[in-house]
Amino acid sequence: MTATMLAGRLDVAKGAFAVEEVPVPVPGPGEVLIKVEAAGVCLSDVHLIDGTLKPFLLKGDKVTLGHEVAGTVHTLGGGVTTASVGDRVLLQAGESREGVVHTRGVDYDGGWAEYALATATTLVPIPDDLPFEQACFIPDAVSTPWAAITSTGAVRPAEAVGVWGVGGLGAHGVQLLRAVGAFPIVAVDPLPVARERALAFGADAALDPTDARFAELLRAATGGRPLAAAFDFAGVAPVREQAMASLGERGRLVLVGLTDQPLTVTNGTLVSYRRQQILGHYGSEGRDVADLVDLVRGGRLEFSRSVSGTFPLAEAARAVRALERKEGDPIRLVLKP
């Protein structure tokens with residue numbers, strides 16, 4: 001008799017999500033079966049369920065969601081020598097297959113399940129003192145802003161930077177900008193609770209974008225300097241307009257928040273004259289995740305404040321609704337099988 005498990009499955013064709021009983025997968029050559037201990041609930045998962053995002057590389061109509069996964073090695077497939085049963089690991093959020101990046105929980109089955117398959121090369125060992133609930137979201141909620149800051153945005157120490165949107169990605173963006181020495185860090189969010197959180201995570205100032213004195217307050221916060229880099233974690237057109245207007249000579253606007261809306265530049269001549277850049281950003285590289293785990297291991301970073309709540313896997317739909325409605329303004333909600 002085939003063993004079964006619970007898994008949060010999305011029928012992409014019907015737009016229907018449900019926690020179902022499915023067979024436990026069997027690892028093939030080069031694969032590992034992971035006993036999932038924690039899996040993050042991301043806004044991307046919400047958008048997959050509501051149809052805003054669509055898998056491009058999925059074979060078939062159904063997929064187990066979950067690209068933020070941590071657990072222990074349960075079973076080794078043939079030829080795997082780089083892992084051992086019982087190892088504590090997190091999983092990279094995707095992998096390259098024949099030169100094409102496939103995303104876990106989007107293009108192939110992810111970790112909203114009791115067990116998950118993973119290619120052995122996507123395992124990243126984690127220290128014993130790093131809780132699974134904090135480790136699971138490093139491959140996206142932390143590594144995405146990290147790569148946006150260090151690679152795409154190329155932020156240097158003492159540069160004035162702005163962060164628009166202090167949700168799951170933006171809160172970590174503030175924390176990571178402080179880690180790389182950006183100064184000052186100005187957070188921008190219409191929600192008072194988000195602005196308070198930004199200050200707690202290391203922002204030097206937190207502003208309301210709807211304030212009529214916004215431009216004046218921003219200049220005061222930066223000592224009169226225009227921003228060297230601005231990060232849009234909200235994916236909203238007005239945010240991009242405001243952020244772009246806040247940049248100085250050779251300033252960079254990094255687009256991290258996803259949206260299907262058109263990108264408009266109000267004054268293209270001014271952008272060209274100032275030699276400013278608009279840079280798209282998506283995800284991170286495998287090295288970024290490993291580096292972040294090293295920084296956690298070395299005591300440079302910690303993410304206990306980021307876990308806003310945990311839900312049993314069987315209540316995944318309720319977790320999705322809570323995130324969609326922003327109940328309690330969460331940073332990261334986590335599923336526990």
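Treat the numbers as computed from the prediction; the structure is a model and nothing was measured. Just so you know, these numbers use all the heavy atoms, side chains as well, and skip hydrogens, waters and symmetry mates.
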With a 4.5 Å heavy-atom cut-off, do Asp208 and Pro190 have their side chains touching?
yes

Does the Ser143 side chain pair with the main chain of Ile138, one donor and one acceptor, at a distance under 3.5 Å?
yes

So, Glu114 side chain and Leu6 main chain: donor-acceptor pair closer than 3.5 Å or not?
yes

Are Val239 and Pro209 side-chain neighbours, meaning at least one heavy-atom pair lies under 4.5 Å?
no

Quick one: does any side-chain atom of His281 pair with a main-chain N or O of Gly283 as donor and acceptor, under 3.5 Å?
yes

Side chain to side chain, Thr119 and Tyr108, heavy atoms closer than 4.5 Å
no

I want to check something: taking the side chain as every heavy atom from C-beta on, are Val334 and Glu68 in contact at a cut-off of under 4.5 Å?
no

Please table the atom pairs, donor to acceptor, closer than 3.5 Å between any side-chain atom in residues 123-135 and protein atoms at least two apart or in another chain.
residue: Glu133; atom: OE2; partner: Lys336; partner atom: NZ; Å: 2.9
residue: Gln134; atom: OE1; partner: Ser304; partner atom: N; Å: 3.4

Mind checking whether Pro330 and Leu323 have side chains closer than 4.5 Å, heavy atoms only?
yes

Does the Asp45 side chain pair with the main chain of Cys42, one donor and one acceptor, at a distance under 3.5 Å?
yes

Sidechain-backbone polar pair: Trp112 side chain, Gly40 backbone, donor-acceptor under 3.5 Å:
yes

Do Arg104 and Thr122 pass the side-chain hydrogen bond (donor to acceptor under 3.5 Å, both in side chains) test, and can you show the C-alpha distance, the side-chain angles, and the key distance before you say yes or no?
CA-CA 10 Å; Arg104 189 183 308 279; Thr122 65; 3.1 Å; yes

Within the 3.5 Å criterion, strictly below it, is a donor on Glu95 or Thr121 matched to an acceptor on the partner's side chain?
no

Say whether, by atom type as modelled, one donor and one acceptor occur between the side chain of Arg274 and the main chain of Gly248 under 3.5 angstrom.
no

Which pairs pass side chain to side chain donor-acceptor pair (under 3.5 Å) with one or both residues in residues 173-194, sequence neighbours excluded?
none

Could you list the donor-acceptor pairs under 3.5 angstrom formed by side chains in residues 305-314, with sequence neighbours left out?
residue: Arg305; atom: NH1; partner: Ala200; partner atom: O; Å: 2.9
residue: Ser306; atom: OG; partner: His172; partner atom: NE2; Å: 2.7
residue: Ser308; atom: OG; partner: Ile331; partner atom: N; Å: 2.7

Any donor-acceptor pair under 3.5 Å from Asp204 side chain to Ile185 backbone:
yes

Is there a path of hydrophobic side-chain contacts, each under 4.5 Å between heavy atoms of I/L/V/M/F/W/Y residues, joining Val36 to Phe17?
no

In terms of hydrophobic clustering (I, L, V, M, F, W, Y; side-chain heavy atoms under 4.5 Å; direct or indirect links), are Val188 and Leu199 co-clustered?
no

Are Val271 and Met244 close enough that some pair of their side-chain heavy atoms sits under 4.5 Å apart?
yes

Show your reasoning for whether side chain to side chain contact (heavy atoms under 4.5 Å, CB included) applies to Val163 and Phe201.
CA-CA 12 Å; Val163 173; Phe201 272 65; over 6 Å; no

Is the terminal nitrogen or CZ of Arg332 (NZ for Lys, CZ for Arg) located under 6.0 angstrom from the six-membered ring centre of Phe303 and within 45° of that ring's axis?
no

Does Arg197 reach the main-chain N or O of Val166 with its side chain, forming a donor-acceptor pair under 3.5 Å?
yes

Distance in Å, Leu191 CG paired with Lys326 NZ, rounded so as to fall on 0.5 Å steps:
6.5 Å

Give a yes or no on whether Val89 and Val85 share a hydrophobic cluster (residues Ile, Leu, Val, Met, Phe, Trp, Tyr; joining criterion: side-chain heavy atoms under 4.5 Å apart).
yes

So, does Glu20 use its side chain to make a donor-acceptor pair with the main chain of Arg9 at under 3.5 Å?
no

Mark yes or no for whether His74, through its side chain, and Thr72, through its backbone, hold a donor-acceptor pair below 3.5 Å.
no

Are any of the side-chain heavy atoms of Leu90 and Pro139 separated by less than 4.5 Å?
yes

Would Phe233 end up clustered with Val161 when hydrophobic side chains under 4.5 Å apart are linked, directly or stepwise?
yes

Go through the steps for Arg325 and Glu327 under the test salt bridge (charged side-chain N to carboxylate O under 4.0 Å, His left out), then give the verdict.
CA-CA 5 Å; Arg325 297 169 183 170; Glu327 296 174 6; 3.8 Å; yes

Apply salt bridge (charged side-chain N to carboxylate O under 4.0 Å, His left out) to residues Arg297 and Asp294 and explain how you reach the verdict.
CA-CA 5 Å; Arg297 182 181 287 109; Asp294 282 343; 2.7 Å; yes

Side chain to side chain contact (heavy atoms under 4.5 Å, CB included) evaluation trace for Thr150 with Leu176
CA-CA 9 Å; Thr150 59; Leu176 297 168; over 6 Å; no

How about Thr75 and Tyr115: do any of their side-chain heavy atoms sit closer than 4.5 Å?
no

